[in-house]
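Presented below is the structure to which this report refers.
Values below: every heavy atom of this structure, side chains too, minus hydrogens, waters and symmetry copies.
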Amino acid sequence: MPPPNTGNRLLDWISRVMIFGIHLERRIDPFVRPLFDRLLRDRVALLVTWLINRKREDEGLALAEERAQPNEEAHLQDIITTFTAQMRDLWNPGYFERGGNTKTHGLVRGEFTVRDDLPEHMRRGIFAEPRTFRAWVRFSGPGPYVTPDIDDVGFMSMSIKLMGVPGPKLLDDEQWTQDMFGVSPPTFVTPDTRANAQLQHWSLKNAQIFYFLNFRETHILDSIMQLLWTKTQSSPLESEYFSDVPYLLGEGQAMQYSFRTRLKTRTRVPRLPLRPPDNYLRDAMVATLAKQDVEFDILLQLQTDPFKMPIENNAVLWPTKLSPRVPAAVLRIPKQTFDSPEQLAFARVLTYNPWHCIPEHRPLGNQSRARKRMYFELSRLRQQMNAVEHYEPTGDEVFPS
């Protein structure tokens with residue numbers, strides 16, 4: 001991780017101290033986190049969500065209705081420009097990584113099977129009828145750096161590329177895919193593109209903490225929501241993941257989705273409170289998939305209140321009391337070997353974009369609208385700098401075992 005570079009010695013020192021504190025907390029987190037999560041996490045999340053909603057204004061939007069934000073395109077261009085500068089500063093040609101969700105823990109094969117007991121009003125798009133899609137599933141850590149697992153911020157992500165999905169796509173560089181995304185916190189790190197542009201500027205200075213602690217426009221409530229779910233992770237296969245942003249579920253219906261593991265056991269992080277191996281999360285995946293299949297339930301949550309379950313603000317937790325999460329499909333990751341250098345390298349070839357989708361699942365909200373061009377341009381930059389062509393997978397790819 002590069003050192004802070006704010007241009008102010010005091011701010012740089014504060015950032016280093018706070019990063020050191022986070023790294024220290026990660027060593028003891030597994031000893032206290034289970035009790036905290038069981039007793040306090042959901043209660044604190046409800047309180048913070050209530051405080052966030054108190055600061056918001058009701059814009060009078062209808063269900064599944066979008067509304068362009070002021071200067072949305074300018075904020076998007078600012079994000080792309082800053083991300084591009086950071087990627088060019090961090091990576092050399094031939095070794096470019098993603099700007100976010102950067103470190104690959106593993107790329108594995110999966111089977112996505114739609115359930116046959118889904119309520120009729122939710123049978124839209126890929127959930128219209130029981131069927132199975134092949135998938136490439138990428139598990140990754142935070143970005144924009146590639147650090148030892150114990151030194152990251154305790155955040156994980158999951159990207160699913162379904163293959164063999166019929167119908168026209170909203171981004172036509174792939175014809176048969178549907179991409180789905182999940183991260184370990186249930187709310188997005190920023191509420192909108194304006195705030196995201198601010199975060200990227202602090203990220204370029206390697207001092208992201210000051211985005212949350214900026215007294216001119218604090219995002220302390222958003223940081224609390226992130227901290228409630230970021231922790232010392234045990235395995236990418238043992239976490240729950242959330243879409244955080246909404247999508248259509250057919251015309252006039254908005255949803256968020258999540259992925260909930262069926263694993264009940266939790267892998268012990270080796271050597272704590274001393275330093276674990278740098279890639280202990282990948283090691284945990286390797287050990288689990290060497291002996292058993294792993295399944296995730298895919299859950300859909302419909303928007304039922306346009307204010308308490310907003311489209312344009314992604315830092316608000318959608319309350320399950322208003323709309324429970326309904327099981328819609330099962331992602332099965334079969335027992336497999338996946339850690340060959342060739343298969344890990346294949347993860348750098350694949351391009352994930354939420355707009356690789358059919359119209360029935362169009363991404364909603366200003367950050368989803370931004371992702372279309374942002375992901376596309378940053379992916380093209382990465383491919384150009386690594387001298388690789390865009391590739392649409394079929395599921396027939398074979399790697400040394």
Side-chain angles (χ1 to χ4, degrees), residues 97-112 133-163 177-186 229-244 257-263 265-267 269 276-299 329-354 356 375 393 395 397 399:
E97 299 286 353
R98 290 170 169 85
N101 304 324
T102 307
K103 182 177 182 177
T104 299
H105 298 311
L107 179 72
V108 296
R109 301 179 189 273
E111 297 173 347
F112 183 99
F133 301 97
R134 290 195 290 179
W136 278 114
V137 186
R138 178 178 179 259
F139 291 94
S140 54
Y145 319 111
V146 175
T147 68
D149 294 335
I150 197 63
D151 293 338
D152 69 27
V153 295
F155 169 104
M156 294 189 300
S157 64
M158 179 179 182
S159 305
I160 301 175
K161 185 177 287 291
L162 305 181
M163 294 164 288
T177 62
Q178 172 86 32
D179 292 354
M180 303 178 73
F181 298 80
V183 294
S184 47
W229 271 268
T230 52
K231 59 185 179 180
T232 303
Q233 305 287 352
S234 58
S235 168
L237 300 173
E238 297 169 357
S239 180
E240 189 171 11
Y241 299 86
F242 305 87
S243 70
D244 288 3
Y257 53 76
S258 59
F259 312 105
R260 184 174 62 199
T261 183
R262 291 184 176 180
L263 289 176
T265 58
R266 294 294 177 264
T267 302
V269 181
D278 288 351
N279 300 307
Y280 79 85
L281 290 172
R282 181 183 302 160
D283 296 341
M285 285 184 64
V286 170
T288 299
L289 291 177
K291 62 185 180 183
Q292 69 180 92
D293 299 349
V294 174
E295 293 182 330
F296 286 82
D297 286 305
I298 286 78
L299 311 169
V330 175
L331 174 67
R332 175 178 168 268
I333 300 175
K335 175 181 173 181
Q336 60 189 276
T337 300
F338 66 89
D339 60 336
S340 69
E342 293 84 358
Q343 189 159 332
L344 287 171
F346 183 55
R348 300 174 65 208
V349 175
L350 292 181
T351 296
Y352 287 87
N353 192 309
H356 288 150
Y375 279 31
E397 294 80 13
F399 304 97

Is any side-chain heavy atom of [X] less than 4.5 Å from a side-chain heavy atom of [Y]?
X: D179; Y: P354; answer: no
X: K335; Y: L289; answer: no
X: Q292; Y: L263; answer: yes
X: V286; Y: F338; answer: yes
X: V294; Y: V108; answer: no

If we ignore hydrogens and angles and just use 3.5 Å, is the side chain of [X] paired with the main-chain N or O of [Y] as donor and acceptor?
X: Q336; Y: P334; answer: yes
X: D297; Y: V330; answer: no
X: T230; Y: F155; answer: no
X: Y241; Y: P236; answer: yes
X: E97; Y: K103; answer: no
X: K161; Y: T351; answer: yes

With sequence neighbours excluded, what pairs up with F259 under the ring-ring contact (aromatic ring centres under 6.0 Å, His included) test?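 In terms of ring-ring contact (aromatic ring centres under 6.0 Å, His included), with neighbours along the sequence ignored, F259 is linked to Y257.
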To the closest 0.5 Å, what do you measure between [atom1] ([X]) and [atom2] ([Y])?
X: T288; Y: D283; atom1: OG1; atom2: CG; value: 10.5 Å
X: H105; Y: S235; atom1: NE2; atom2: OG; value: 9.5 Å
X: R138; Y: L344; atom1: CZ; atom2: CG; value: 10.5 Å
X: T104; Y: D339; atom1: OG1; atom2: CG; value: 13.0 Å
X: I298; Y: S243; atom1: CD1; atom2: OG; value: 12.0 Å
X: E111; Y: R332; atom1: CD; atom2: CZ; value: 5.0 Å

Please find the pair of heavy atoms, one from [X] and one from [Y], that lie closest to each other, and give the distance.
X: F139; Y: M285; value: CD1-CE, 3.6 Å
X: P186; Y: W229; value: CD-CD2, 3.3 Å
X: T102; Y: G143; value: OG1-CA, 3.1 Å
X: T261; Y: L237; value: OG1-O, 2.8 Å
X: R98; Y: R348; value: NH1-CA, 4.1 Å
X: S159; Y: F181; value: OG-CD2, 3.8 Å

Measure the acute angle between the ring planes of F399 and W136, then classify it against the limits of 30° and 60° as parallel, tilted or perpendicular.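 It falls in the perpendicular class, over 60°.
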Non-neighbouring partners of S234 that pass side-chain hydrogen bond (donor to acceptor under 3.5 Å, both in side chains), sequence neighbours left out: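 Here the qualifying residues are E238.
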Does R282 come within less than 4.0 Å of D149, counting only side-chain N to carboxylate O? no
Can you tell me if CZ on R260 sees more than 12 non-hydrogen neighbours from other groups inside 6.0 Å? no
Exactly one of K231, M158, Q233 clears side-chain contact (heavy atoms from CB on, under 4.5 Å) with S184, and that residue is Q233
For F296 and I333, what are the C-alpha separation, side-chain angles and deciding distance, and is it a side chain to side chain contact (heavy atoms under 4.5 Å, CB included)? CA-CA 8 Å; F296 286 82; I333 300 175; 4.1 Å; yes
